[in-house]
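One structure is given below, encoded as structure tokens.
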2 protein chains.
Amino acid sequence: MSDTPENVLVEHVLDAISDQRLRAGTKLGEQALSDLFSCNRAHVRRALAILAAYHVVDLIPNRGAFVSTPSEDEARDLFQARRAIEVTIIRNVVRRADEADIANLRAHLATEDEIRQQNDRSKAIRASRDFHMLLARIGRNSVLEHYLAELTMRTSLIIGLYGSKSASLCSDDEHVRIVQSVADRDAVTAQEMVDYHLRHIEGEIEFGDEAPKVGPLSMIFPSSRTGR
Amino acid sequence: MSDTPENVLVEHVLDAISDQRLRAGTKLGEQALSDLFSCNRAHVRRALAILAAYHVVDLIPNRGAFVSTPSEDEARDLFQARRAIEVTIIRNVVRRADEADIANLRAHLATEDEIRQQNDRSKAIRASRDFHMLLARIGRNSVLEHYLAELTMRTSLIIGLYGSKSASLCSDDEHVRIVQSVADRDAVTAQEMVDYHLRHIEGEIEFGDEAPKVGPLSMIFPSSRTGR
DNA sequence: TTTGTTTTAATTGTTAACAATTTATGTTAA
DNA sequence: TTAACATAAATTGTTAACAATTAAAACAAA
């Protein structure tokens, strides 16, 4: 994807959401964004339209753009979609992964292990999402990969909004077992593991108590004014 | 979805694509669109950004917007995604459809039957797509419904680009059998039928010979200047 | 005719100014 | 103090003008 100003903006917002720096309900003002990313309002508006198409932002006429706050129903639909997509992805992975891919997966597990010992929640969330996206890339279906990118983003939003019982949101043991079944070329087990893993994540979410605190945007995008 | 000028434009373009009036590769000039839909260029630009996010339009810097021309690989990825999503949808349908839903499905089959006798290819394509989207709506998963809307759109593009061996692209017999298994509450058969049906459609596509002819936009959007 | 070059036209990209709307602030009365 | 109202500020929506780039046309040379 090319490095137009609007794409830069979209990527930064998506990163901030998947790191849970940007929380559900946060207002994304046009002026604020155009200042932070030093571009004009036309670019900001295009970027917000794209983010709205990704279901990550709600555009309210005359009011502005807000990070979307998914309902519980939406969250459950979303997890069902993730299961449908990721189970298909893992089937592709078992079929298509070569030695290098499996090595990359093992390396990623090691990274996750390191991060878990640092107790950095933000990093852990990111690493967990990266694991799922690594599988998607190895599966080599660009359509499924793109949809999963959108869905993991929205999952981050949901977990940030409702909270999760488990501190680390992906128990890495499950990741390990998924990789093992891929290495064993055991498609049936791999699919079952992925399905179980996603149901586990969904089950840990504590629907009911929302936490809508938000801060100023300048706190959320610290390094973006250097961008070009 | 609200009736902002850009949404009107997006809907018209999507309709034109799913009816195969707009073919892959067609240039969507900003001036032309803003004239046809009597809105300003800012609206057009936003609409094009949204369509690009839906993967229906390619945005090339300094060149403009073009209806995207999916490759064969992309098409195969897309059909695998459809199978993953529609098989999940049909499971929801079998579980959730009430009597009214099943009546609607039967009514739709009757409509398809009528249209087949008229020999109107454009109408047939539209009706076929509507059948799949009706199932998605009955399944009551908004995430899957939205993704399927995008995928059926892109499927229309692919069939319009590469052509299909069968004149009618959905043999309605298969639709009938899907509805029957829904009415029987037979989830296993319904899933098998949907999977088979989608593989059938994919198998009928004649990859290899492209047909890139396009006409002027004013021929494609005949009734849109009245759209206020 | 065909090829390459220059000139012209058309299209996209960018910016700024202004209008319309919403939000925040301040004031007055109960 | 609270509530309602009027005013001011900030934000979003709209439009037009201009710059930059690309496509088309005209023309000259082989």
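In this text, all values refer to a predicted model and were calculated from it rather than measured experimentally. Convention: sequence-line order gives letters A, B, ...; per-chain numbering from 1.
Protein atom CG of Asn62(A) is 14 Å distant from nucleotide atom C1' of dA10(D), rounded to whole Å. For the pair Gln31(A) CD and dA16(C) C1', the interatomic distance rounds to 13 Å; values are reported in whole Å. Between Asp35(A) atom CG and dT11(D) atom P the separation is 10 Å, expressed in whole Å. Atoms CG (Asn7(A)) and P (dG13(C)) sit 12 Å apart, rounded to a whole Å. Counting to the nearest Å, the P atom of dG13(D) and the CZ atom of Arg41(A) are 8 Å from each other. Straight-line distance from the CG atom of Leu59(B) to the C1' atom of dT21(D): 16 Å, rounded to whole Å. Phe66(A) places its CZ atom 7 Å from the P atom of dT23(C), with the value rounded to the nearest Å. Look at CD on Glu6(A): it is 12 Å from P on dT15(C), rounded to the nearest Å.
Interface residues of residues 43-51 of chain B facing DNA chain D, ordered by number: His43(B); criterion, heavy-atom separation under 4.0 Å.
Arg95(B) places no side-chain N or O within 3.5 Å of a backbone atom of Val93(B) that could act as its donor or acceptor partner.
Minimum heavy-atom separation, Leu157(B) to Leu22(B): CD1-O, 4.2 Å. When all heavy atoms of Ala127(A) and Glu112(A) are compared, the closest pair comes out as CB-CG, 4.2 Å.
Residues passing the ring pair (Phe, Tyr, Trp, His ring centres under 6.0 Å) test with His43(B): none are found, sequence neighbours excluded. In this view, Glu6(A) and Arg46(A) satisfy the salt bridge (Lys or Arg N to Asp or Glu O under 4.0 Å) rule, not counting sequence neighbours.
For the pair Cys39(A) and Ala65(B), nearest-nucleotide mapping onto DNA chain C gives the more 5' position to Ala65(B).
Neither OP1 nor OP2 of dA10(C) sits under 4.0 Å from any side-chain N or O of Lys27(B). Residue Asn40(B) places at least one side-chain N or O under 4.0 Å from the OP1 or OP2 atom of dT15(D).
Side-chain N/O atoms of Thr155(A) and Arg82(A) include a donor and acceptor closer than 3.5 Å.
Proximity of the aromatic rings of His132(B) and His197(B) is defined here by a centroid distance below 6.0 angstrom, and this criterion is met.
Comparing dA23(D), dT12(C), dT23(C) by their nearest atom to the side chain of Arg63(B) picks out dA23(D). Distance from the side chain of Ala42(A) is smallest to dT15(C) among dT21(C), dT15(C), dA17(D).
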